[in-house]
Colleague: 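Got a structure for you, questions after.
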Amino acid sequence: MNKEKEVKTQDFVADFYEKVRYEKEYSRKYHNFWFGKMMKMAPPRGLVLDAGCGTGEMMEFLKENNFDNFIGYDISFNMLVHAKNRAERLVCADAENLPFADGSFDVIYARALLHHLFDVSKALCEIKRVLKSGGEVVFADTNKSFVNDLPRKIMNKGEHFAESHKNFKSSEIIELIKKEFNIKEVYYFGYIAYPLLGFPDMVNIYRFFPGKFILTPTLIFIDKIISQIPIVKKLAFGIMISAKKR
């Protein structure tokens with residue numbers, strides 16, 4: 001596996017994120033839904049780091065919610081080119097070797113970051129290092145189940161994915177995070193709305209659906225309900241984990 005290939009993949013998909021994924025109103029509403037959940041799990045305070053910030057949508061959401069003391073980093077320069085439209089303090093950096101001093105941040109959001117990495121344990125150690133004592137981190141990442149494993153395998157064969165991309169089992173990612181942090185909350189997300197609303201740059205089936213202005217909030221509401229059903233909720237496409245530095 002080659003880290004340069006991952007960077008090239010992210011440089012390639014950055015334009016699709018900017019011009020398609022977050023340009024669709026229904027897709028943006030869906031992503032804002034889970035940005036909001038991440039903020040509830042660890043409200044922004046002090047100095048915030050957007051880890052693997054991509055094209056900057058999470059930072060834009062923070063500003064829309066009256067918080068602007070943040071820094072974003074990404075390994076992809078093309079992602080950061082687009083992120084400049086939404087944030088001023090940006091750094092091109094590798095998650096496994098962060099260029100920040102120990103204890104720099106009060107809160108860290110790591111959205112769809114870990115499954116891209118070659119050495120997840122090293123990245124988690126770096127997040128722990130740059131987080132202040134008692135600081136909080138929220139991870140939002142993949143969740144492998146028998147329902148979503150096949151669709152992910154099919155999508156992973158396309159140009160939008162590098163060979164290093166992972167699909168974590170919830171037990172696997174929880175165990176990795178537990179080694180470095182005290183876990184506060186685990187939340188499963190992404191059911192019907194996830195494939196229909198979230199990724200029009202890859203699969204745009206939703207374009208055939210009428211009445212999107214009504215259907216979009218309905219699908220998001222259904223996803224919220226499913227996320228509360230024991231056992232069934234673990235079939236989600238994604239998992240959010242909030243944790244605190246020991």
Side-chain angles (χ1 to χ4, degrees), residues 1 6 30-43 49-52 54 58 95-96 107-128 131 135-157 160-199 202-203 219-246:
M1 294 187 291
E6 173 64 28
Y30 182 67
H31 287 281
N32 283 350
F33 153 65
W34 53 291
F35 294 165
K37 178 61 181 178
M38 292 178 75
M39 283 180 59
K40 287 179 181 178
M41 293 176 84
L49 177 65
D50 188 354
M58 179 78 182
E96 296 165 24
V107 177
I108 297 177
Y109 299 115
R111 175 177 58 95
L113 171 69
L114 299 182
H115 72 272
H116 290 284
L117 305 179
F118 289 84
D119 192 337
V120 177
S121 294
K122 187 176 181 182
L124 289 171
C125 287
E126 280 290 271
I127 289 174
K128 181 180 179 180
L131 195 60
E136 296 177 290
V137 56
V138 182
F139 301 95
D141 228 287
T142 64
N143 174 54
K144 184 176 182 178
S145 74
F146 73 90
V147 171
N148 67 51
D149 193 34
L150 181 59
R152 283 193 187 277
K153 284 180 178 177
I154 292 171
M155 286 191 294
N156 279 6
K157 296 181 184 297
H160 289 245
F161 296 89
E163 60 186 14
S164 59
H165 288 191
K166 304 171 182 67
N167 187 17
F168 291 108
K169 291 182 179 178
S170 58
S171 57
E172 179 184 9
I173 193 169
I174 288 170
E175 195 57 38
L176 284 167
I177 293 170
K178 277 174 63 176
K179 290 178 181 178
E180 304 298 335
F181 303 93
N182 290 327
I183 291 179
K184 295 172 55 186
E185 181 183 356
V186 176
Y187 176 77
Y188 293 89
F189 75 99
Y191 303 93
I192 299 170
Y194 187 92
L196 288 179
L197 303 182
F199 308 94
M202 293 187 291
V203 181
L219 290 173
I220 291 172
F221 177 76
I222 291 171
D223 267 24
K224 286 181 181 179
I225 297 298
I226 296 174
S227 71
Q228 302 301 316
I229 302 174
I231 301 177
V232 176
K233 67 182 182 181
K234 293 186 177 182
L235 300 178
F237 277 86
I239 185 171
M240 286 185 199
I241 301 168
S242 65
K244 192 171 185 177
K245 183 173 178 177
R246 298 188 182 102

Colleague: Of all residues at least two apart in sequence or in a different chain, which pass the side-chain hydrogen bond (donor to acceptor under 3.5 Å, both in side chains) check with Ser242?
Modeller: none

Colleague: Please enumerate all residues that pass salt bridge (charged side-chain N to carboxylate O under 4.0 Å, His left out) together with Lys128, with sequence neighbours excluded.
Modeller: Glu180

Colleague: Return the set of residues passing side chain to side chain contact (heavy atoms under 4.5 Å, CB included) with Lys224 (not counting sequence neighbours), or none when no residue passes.
Modeller: Phe33, Ile220

Colleague: Residues in ring pair (Phe, Tyr, Trp, His ring centres under 6.0 Å) with Phe168, at least two apart?
Modeller: none

Colleague: Taking all non-hydrogen atoms of both residues into account, name the closest pair between Arg111 and Phe35 and its distance.
Modeller: CD-CE2, 3.1 Å

Colleague: CD1 of Ile108 to CD1 of Ile127: how many Å apart, nearest 0.5 Å?
Modeller: 6.0 Å

Colleague: Using side-chain hydrogen bond (donor to acceptor under 3.5 Å, both in side chains) as the criterion, list what pairs up with Asn182, not counting sequence neighbours.
Modeller: Arg246

Colleague: How about Lys233 and Tyr187: do any of their side-chain heavy atoms sit closer than 4.5 Å?
Modeller: no

Colleague: I need the minimum non-hydrogen distance between Asp50 and Met58, along with the two atoms involved.
Modeller: OD2-CB, 3.4 Å

Colleague: Any side-chain heavy-atom pair from Leu114 and Leu124 closer than 4.5 angstrom?
Modeller: yes

Colleague: Where do Ser145 and Leu235 come nearest, in terms of heavy atoms and distance?
Modeller: OG-O, 3.4 Å

Colleague: I'd like to check the side chain to side chain contact (heavy atoms under 4.5 Å, CB included) partners of Ile192; sequence neighbours left out, ordered by chain and number.
Modeller: Leu196, Leu219, Ile222, Asp223, Ile226

Colleague: Compare every heavy atom of Lys40 with every heavy atom of Pro43, then report the nearest pair and how far apart it is.
Modeller: CD-O, 3.8 Å

Colleague: Distance from Ile241 atom CD1 to Ile183 atom CD1, nearest 0.5 Å?
Modeller: 5.5 Å

Colleague: Please work out which of the three classes, parallel, tilted or perpendicular, describes the rings of Tyr194 and Phe237, given edges at 30° and 60°.
Modeller: parallel

Colleague: Should Ile173 and Thr142 count as side-chain neighbours, where that means a heavy-atom distance under 4.5 Å?
Modeller: no

Colleague: Supply the atom-to-atom distance Ile239 CD1 to Lys234 NZ, rounded to the nearest 0.5 angstrom.
Modeller: 9.0 Å

Colleague: If you look at every heavy atom in His31 and Phe199, which pair is closest and at what distance?
Modeller: CE1-CE2, 4.4 Å

Colleague: Is Tyr109 reaching over with its side chain to a backbone N or O of Ala140, donor-acceptor style, under 3.5 angstrom?
Modeller: no

Colleague: Is there side-chain contact between Glu175 and Glu172, with at least one heavy-atom pair below 4.5 Å?
Modeller: no

Colleague: How would you list all residue pairs meeting salt bridge (charged side-chain N to carboxylate O under 4.0 Å, His left out) that involve residues 181-199, not counting sequence neighbours?
Modeller: Lys37-Glu185, Glu136-Lys184

Colleague: Test of understanding: with ring pair (Phe, Tyr, Trp, His ring centres under 6.0 Å), list the residues that count as partners of Tyr188, not counting sequence neighbours.
Modeller: none

Colleague: Heavy atoms only: give me the nearest Ile225-Ile229 pair and the separation to one decimal.
Modeller: O-CG1, 3.5 Å

Colleague: Counting distance only, does the side-chain N/O of Asp141 pair as donor-acceptor with the main-chain N or O of His115 below 3.5 Å?
Modeller: yes

Colleague: Excluding sequence neighbours, so at least two apart, what forms side chain to side chain contact (heavy atoms under 4.5 Å, CB included) with Ala123?
Modeller: Ala95, Glu96, Leu117

